[in-house]
Amino acid sequence: MRAFWLLTWASAVSTVGNTFLYIAIPWALLESTDSSLLAVLSVAAQTAPYLVAPFIGPLIDRYDRRILYAAGELIQGASVAVIPLLLAYDQIAAVFGALFLLGLANVVSDVAGDYGLIPALVPRDKLDKASSQFTSILLVARFVGPALAGFTIAAVGTTWALEIDAATFVFTALVAVFLPKVKPQEVTTSLSTMLREGIAYFRARPDLRRLTMAVALYNLGAGALEPTLLTVGGDQWNWSPTALGVAVSCGAVAAALGAWLSPRALVGNNRRRQVTLWLGIAAVGSVGLLVSAPLAVVIGFCILCLGEGGVNAATMAYRQQEIPDELAGRVNAVIRTFITGAVPISALLLGLTVNLTGSLQVFFPVTVTALLAVGVWAFARGGARPKTEPELISATTDTRAGA
C-alpha cells in the first residue's frame with residue numbers, strides 16, 4: 001500500500017495546483033477579452049479530447065501505465081506553463097489549442113492512473129476502501145486549491161497561479177517514476193482489434209449503457225457549472241477572486257464529505273439505490289441554483305457537489321472491481337467518451353445562458369438535465385441488475401476527474 005499512498009499524495013498535490021487552472025483561466029480570459037462566453041468555453045477545450053478517448057484506451061491497455069501516467073502529467077505541465085506567454089501576446093486561439101492538448105494528455109493520465117495504477121497497487125479486497133480514501137483526499141485537495149488560488153490571483157495575478165499549476169504537474173510526474181512498473185499482460189492483437197473488444201464489452205452491458213446515458217445527461221448541464229459560477233460571480237455579483245475561490249472550496253468540502261459517506265450508504269449491496277440517492281441529492285442542489293440570491297446559489301452548488309462526491313466514490317470502486325484489468329483502459333475510455341464528452345456541450349449550453357441576468361435563466365439547463373438524469377436512472381424498467389457504474393464529472397473535479 002506504500003506505493004498507493006505515494007500516488008495518492010502526489011495526485012493531491014497536482015490537484016491543488018490544477019484547481020488554480022479552473023480559477024485562473026476563466027478569470028484571465030475575462031480580463032483579456034471581456035468575454036463571458038470565452039471564459040465558459042475554456043472548459044470545452046479541455047474536455048473535448050475525451051471524444052477521442054476510445055482510440056487512446058488500447059494504448060493504455062498495451063503499455064506501461066506508470067510511464068503513460070507520467071508522460072500525461074508532463075505534457076499537461078508544459079501546456080499550462082505556456083498559457084501566460086500566449087495571453088501576453090493576445091494569442092487567444094493558441095490558448096485554446098494549449099487547453100486542448102492539456103485535455104488530451106489528461107485523458108491518458110486520468111484513465112491510466114485511476115483505472116490502471118490504483119488496481120495494480122491495491123489488493124483487490126481493499127479497493128472499495130482505497131478508492132474512497134483516494135477520492136476523499138483528492139476532494140479535500142480541491143477544497144484547499146480554490147481558496148489558495150483565489151488568494152494567489154488576488155496577490156500576484158493569474159500568471160503566477162498558472163505557473164504554480166505547471167510545477168505541480170511536473171512534481172507528480174517525477175513521483176510516478178518511483179512507482180512500480182505496471183505493464184499489462186502481453187497482447188498480440190492489433191490496436192483496432194483491441195478497440196473493437198472494448199466497445200463490444202460496453203455494448204454487452206445494457207445496465208452500464210443506461211447508467212452512462214444518465215450520467216452523460218447530467219453532465220450535459222452540470223459539466224461546465226464551475227466556470228459558469230466563477231464567471232457569473234465575477235461579472236454579475238462583482239465578487240473578488242478570493243471570495244469565488246472560497247465558494248468553490250466549500251463545494252469541494254461537500255464533495256469530499258459525499259465521497260467519505262458513499263461506502264456507508266451501501267445497504268444490502270444495493271448499488272442501484274445507492275446511486276439513486278446521490279444523484280437525487282445532486283438534483284436537489286441543482287434546484288437551489290435557481291434562487292436569485294448569490295448565497296443561495298452557493299448553497300445549492302455545495303449540495304450538488306455532495307451528491308457528485310458520493311456517486312464518484314461508489315462508481316470508481318465498482319468499475320475497478322467489475323471491469324477486467326486487461327480491458328480497463330479501453331472500456332473506461334469508452335465510458336469517458338460519453339460522460340466527459342458531454343462537458344463541451346455543457347459549456348456551449350451554459351455559454352449561451354451565462355450572459356443572461358438572474359440565476360434562474362443562467363442555471364436552468366443544469367436543473368433540467370439533473371432531474372432528467374435521476375429519471376433515466378431511477379425509473380427505467382428492464383435489464384439486468386447494474387454491475388458497474390460510470391462516475392460523474394464533478395463540478396469541483398479536474399477534467400478530470402474526476403473523480
*Asks:* To the nearest 0.5 angstrom, please state how far the CG atom of L352 sits from the CD atom of Q361.
*Replies:* 14.0 Å
*Asks:* Locate the shortest heavy-atom distance separating A39 from S42; write the atom from each residue and the value.
*Replies:* O-OG, 2.7 Å
*Asks:* Applying side-chain contact (heavy atoms from CB on, under 4.5 Å) between N219 and each of I345, T340, I339, report the one that passes.
*Replies:* I339
*Asks:* Please report the C-alpha distance between I67 and V177 in whole Å, then the side-chain angles of each, then the deciding distance to 0.1 Å, and finally whether the side chain to side chain contact (heavy atoms under 4.5 Å, CB included) criterion is met.
*Replies:* CA-CA 7 Å; I67 299 301; V177 174; over 6 Å; no
*Asks:* Does T172 reach the main-chain N or O of A10 with its side chain, forming a donor-acceptor pair under 3.5 Å?
*Replies:* yes
*Asks:* Can you measure from CG (L289) to CG (L225) and round to the nearest 0.5 angstrom?
*Replies:* 6.0 Å
*Asks:* For Y69 versus A176, what's the shortest heavy-atom pair and its separation?
*Replies:* CD2-CB, 3.7 Å
*Asks:* Where do R196 and T193 land on the side-chain hydrogen bond (donor to acceptor under 3.5 Å, both in side chains) test, with the steps shown first?
*Replies:* CA-CA 5 Å; R196 288 195 296 271; T193 300; 3.2 Å; yes
*Asks:* When you compare the side chain of T168 with that of V16, does any pair of heavy atoms fall below 4.5 Å?
*Replies:* no
*Asks:* Would you find a donor on one side and an acceptor on the other, under 3.5 Å apart, between the side chain of Q236 and the backbone of L356?
*Replies:* yes
*Asks:* Can you check whether T231's main-chain N or O pairs, donor with acceptor, with D235's side chain at less than 3.5 Å?
*Replies:* no
*Asks:* Which atom names give the shortest non-hydrogen contact between V82 and A98, and what distance separates them?
*Replies:* CG1-CB, 4.2 Å
*Asks:* Taking C-beta and beyond as the side chain, do E73 and Q76 meet within less than 4.5 Å on heavy atoms?
*Replies:* yes
*Asks:* So L7 and V175, side chain to side chain contact (heavy atoms under 4.5 Å, CB included) or not? Walk me through it.
*Replies:* CA-CA 7 Å; L7 173 65; V175 171; over 6 Å; no
*Asks:* Determine whether L350 and P365 make a side-chain contact, defined as any pair of heavy atoms from C-beta on separated by less than 4.5 Å.
*Replies:* yes
*Asks:* Can you give me the closest heavy-atom contact between A254 and C302, atom names plus distance?
*Replies:* CB-O, 3.1 Å
*Asks:* Heavy atoms only: give me the nearest P54-L195 pair and the separation to one decimal.
*Replies:* O-CD1, 3.1 Å
*Asks:* Please check this pair: side chain of S286 against backbone of A283, looking for a donor-acceptor N/O pair closer than 3.5 Å.
*Replies:* yes
*Asks:* Just jot down the side-chain hydrogen bond (donor to acceptor under 3.5 Å, both in side chains) partners of E31, sequence neighbours excluded, or say none.
*Replies:* W27
*Asks:* Check whether any side-chain heavy atom of L306 lies under 4.5 Å from a side-chain heavy atom of L304, and answer yes or no.
*Replies:* no
*Asks:* Show me the pairs that pass ring-ring contact (aromatic ring centres under 6.0 Å, His included) and involve residues 323-360, at least two apart or across chains.
*Replies:* F202-F338
*Asks:* Looking at OG of S79 and CD of Q46, how far apart are the two atoms once the value is rounded to the nearest 0.5 Å?
*Replies:* 10.0 Å
*Asks:* State, with a plain yes or no, whether a side-chain heavy atom of I25 is found less than 4.5 Å away from one of L29.
*Replies:* yes
*Asks:* Would the number of heavy atoms belonging to other residues, nucleotides or ligands and lying under 6.0 Å from CH2 of W237 be above 12?
*Replies:* yes
*Asks:* Run the numbers on F55 and V107 for side chain to side chain contact (heavy atoms under 4.5 Å, CB included), then give the verdict.
*Replies:* CA-CA 11 Å; F55 300 97; V107 176; over 6 Å; no
*Asks:* Any idea which heavy atoms bring A24 and A161 closest together, and the distance?
*Replies:* CB-CB, 4.2 Å
*Asks:* Under 3.5 Å, side chain of R336 to main-chain N/O of Y50, donor-acceptor pair present?
*Replies:* no
*Asks:* Surrounding CH2 of W9 (heavy atoms of other residues, nucleotides or ligands, distance under 6.0 Å), is the total greater than 12?
*Replies:* no
*Asks:* Atom CZ in R62, atom CG in L68: separation rounded to 0.5 Å?
*Replies:* 12.5 Å
*Asks:* Under 4.5 Å between any side-chain heavy atoms of V122 and F134, yes or no?
*Replies:* no
*Asks:* Compare all side-chain heavy atoms of F169 with those of V80 and state whether any distance is below 4.5 angstrom.
*Replies:* yes
*Asks:* Using 0.5 Å steps for rounding, measure from the CH2 atom of W239 to the CG atom of L230.
*Replies:* 11.0 Å
*Asks:* If you count heavy atoms of other groups shown closer than 6.0 angstrom to CZ of F100, is the number above 12?
*Replies:* yes
*Asks:* Would you say S262's side chain and G258's backbone share a donor-acceptor pair under 3.5 angstrom?
*Replies:* no
*Asks:* Would you compute the distance between atom CD of Q133 and atom CZ of F4 and round it to the nearest 0.5 angstrom?
*Replies:* 5.5 Å
*Asks:* List the steps, then state whether side chain to side chain contact (heavy atoms under 4.5 Å, CB included) holds for I281 with L277.
*Replies:* CA-CA 6 Å; I281 291 174; L277 167 67; 4.1 Å; yes
*Asks:* Taking the side chain as every heavy atom from C-beta outward, state whether F96 and L38 have any atom pair closer than 4.5 Å.
*Replies:* yes
